Amino acid sequence: EICACLVGSEMCIRDSTGSHFEDDLIWKLEHRQVTPQGSGVGLVNINSRLKLLFGDRYGLSIYNEDGMAIVLLSIPKEREDSYAQIDDCR
């Protein structure tokens with residue numbers, strides 16, 4: 001299930017699946033404590049790019065809730081001039 005919502009000044013997109021993530025997965029991938037399989041490197045790259053574009057407050061959160069794997073992507077609701085330049089998505 002995918003849902004999007006506004007939380008204060010943030011746009012959050014949440015995807016939940018029936019799988020289960022290892023605790024602190026993003027941190028473990030970034031610090032090479034687990035070996036990426038499949039999309040593991042992609043998750044680290046996406047998280048790094050979001051933080052570079054919008055700051056450390058934003059990015060991916062990966063956790064488990066009620067027996068389901070949750071991926072939460074948070075970005076600012078409105079673009080500020082101080083953010084890195086974002087090219088057109090064509």
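It should be emphasised that the depicted structure is a prediction, and the values quoted were computed from it without experimental measurement. Computed from heavy atoms alone, side chains included, the values below leave out hydrogens, waters and symmetry copies. Numbers here simply count residues along the sequence, with the first being 1.
Of all the heavy atoms in S74 and Y58, the pair that sits closest is O-CB, 3.2 Å. Of all heavy-atom pairs between E65 and I70, the closest is CB-CG1, 3.9 Å. The shortest non-hydrogen separation linking C5 to M11 is O-SD, 3.5 Å.
Residues forming a side-chain contact (heavy atoms from CB on, under 4.5 Å) with C3 (at least two apart in sequence, or on another chain): R14. Not counting sequence neighbours, the partners of S48 by the side-chain contact (heavy atoms from CB on, under 4.5 Å) test are V44. Evaluation of the side-chain hydrogen bond (donor to acceptor under 3.5 Å, both in side chains) rule for R57 yields E10 as partners, not counting sequence neighbours. Under the side-chain hydrogen bond (donor to acceptor under 3.5 Å, both in side chains) criterion, N64 pairs with H20, sequence neighbours left out.
In this structure, the separation between CZ on R49 and CG on L60 is 12.5 Å, given to the nearest 0.5 Å. Separation of atoms CG (L73) and CG (L50) is listed at 5.0 Å; rounding is to 0.5 Å. Rounded to the nearest 0.5 Å, atoms CG (D24) and CD1 (I62) are 10.5 Å apart.
Looking only at side-chain heavy atoms (C-beta outward), L72 and I13 stay at 4.5 Å or farther from each other.
Linking Ile, Leu, Val, Met, Phe, Trp and Tyr residues whenever their side-chain heavy atoms come within less than 4.5 Å places L6 and F54 in a single cluster.
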